[in-house]
Protein chains: 2
Amino acid sequence: MVKKKDPAVCEGLCRHPDTVCLAKAELVSDSCAQSAAALFKVLGDPTRVKMLHALLKREMCVCDLAAVVKMGQSAVSHQLRTLRGARLVKYRREGKNAWYSINDEHVASLLCQGLEHAQHP
Amino acid sequence: MVKKKDPAVCEGLCRHPDTVCLAKAELVSDSCAQSAAALFKVLGDPTRVKMLHALLKREMCVCDLAAVVKMGQSAVSHQLRTLRGARLVKYRREGKNAWYSINDEHVASLLCQGLEHAQHP
DNA sequence: ATCACACATGAACATATGCTCATGTCTAGT
DNA sequence: ACTAGACATGAGCATATGTTCATGTGTGAT
């Protein structure tokens, strides 16, 4: 009788309590899963992928980014807002222009890994 | 006059044509950005992050996964469907159970990088 | 001061997403 | 054959998301 359920620990919801208990013990916290998912979610839009990819090589201002990804200035500005919110990009103002760039190497690395994976189906 | 616009190449939509032309030349293709974004989008949900994290260490069946992430069987099954669609997990059937596991190391690496980044704000 | 430009932002809208509920399918045991 | 268990799937619904349109803000040139 090696696979008897243990309601006290696993709440009787599973077929393989040992596995479930182990997995539960190791499971990431809600907040951790939340923030990782939030990060990926921001990366999960083709427009933002293109924008970040363009920013990999150089600092760019909003209207140039708009021209590159072939979108309206407003759309690009909204996307930059969410990218800023997730701290994936930073910006500096210079006169009338706002120059955006990738925030850190970690972000660049993640993006490149995703792009690379996408090319090898 | 180093910054004259070149409508033939940049369509007159930008302030810094040289930069835009360079960025356009290097820009990832639509389909490439699409598939990278699709990959990230699938990773961009806390429930799926938890499920994948649990699968990092061990193969699991559906009802056990449901117990671990504290969700209904149907919800988990739907999520597994999208994970399968993105080829992030694979599964094998054994009698009445379906055993799921991470599809490849690349996926695991991406997930871990995301989780790690999320813990260093 | 006025104007044009670069950018940000709010509202509105269509679409996408994730969950629940109900039901279908397949397998194993009787 | 019949039933129960494990899983898959379709419909429905509430919420989230991305774009456009209109407008607001701040800067520099005239």
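A, B, ... follow the sequence lines: proteins, then strands. Residue 1 opens every chain.
- The phosphate of D/dT19 has OP1 or OP2 within less than 4.0 Å of a side-chain N or O from A/Gln79.
- Protein atom CE of A/Met71 is 17 Å distant from nucleotide atom P of C/dC7, rounded to whole Å.
- Using a 4.0 Å heavy-atom cutoff across all strands shown, B/Ala98 reaches sugar-phosphate atoms only and no base atom.
- Within the structure, a side-chain polar atom (N or O) of B/Arg48 is placed less than 4.0 Å from OP1 or OP2 of C/dG18.
- The phosphate of D/dT9 (OP1 or OP2) has a side-chain N or O of B/Arg81 nearer than 4.0 angstrom.
- In this structure, B/Tyr91 atom OH and D/dC7 atom C1' are separated by 10 Å, rounded to whole Å.
- To the nearest angstrom, C1' of D/dT17 lies 16 Å from CG of A/Leu43.
- The CG atom of B/Leu111 lies 6.5 Å from the CG atom of B/Leu43; values are rounded to the nearest 0.5 Å.
- Atoms CD (B/Gln34) and P (D/dG18) sit 12 Å apart, rounded to a whole Å.
- Taking the six-membered ring where the residue is Trp, A/His117 and B/His106 present perpendicular rings, their angle passing 60° and hence far from 30°.
- Salt bridge present: A/Lys50 and B/Asp30 bring a charged side-chain N and a carboxylate O closer than 4.0 Å.
- For C/dC7, neither phosphate oxygen OP1 nor OP2 lies less than 4.0 angstrom from any side-chain nitrogen or oxygen of A/Arg84.
- The NE2 atom of B/His78 sits 13.0 Å away from the CE atom of B/Met71 when rounded to the nearest 0.5 Å.
- In this structure, the NZ atom of A/Lys41 is 7 Å from the C1' atom of D/dA16, given to the nearest Å.
- Distance A/Asn97 CG to D/dG28 C1': 11 Å, rounded to the nearest Å.
- For the side-chain contact (heavy atoms from CB on, under 4.5 Å) test with A/Met51, the passing option among A/Val69, A/Val68, A/Leu56, A/Leu88 is A/Val69; the others fail.
- Between A/Thr47 and D/dT19 there is a side-chain N or O to OP1 or OP2 distance below 4.0 Å.
- Of the two residues near DNA chain D, A/Gly95 and A/Thr82, the one whose nearest nucleotide lies more 5' is A/Thr82.
- With DNA chain D read from its 5' end, the first of the two nearest nucleotides for B/Tyr100 and A/Lys96 is the one closest to B/Tyr100.
- Not a single donor-acceptor pair, N or O on each side, falls under 3.5 Å between the base of D/dT19 and the side chain of A/Ser74.
- Interface remark: the B/Gln73 side chain does form a donor-acceptor pair with the D/dA8 base, using a distance-only criterion of under 3.5 Å.
- Protein atom NE2 of B/His78 is 11 Å distant from nucleotide atom P of D/dA11, rounded to whole Å.
- Between B/Leu65 atom CG and D/dA8 atom C1' there is a gap of 15 Å when expressed in whole angstrom units.
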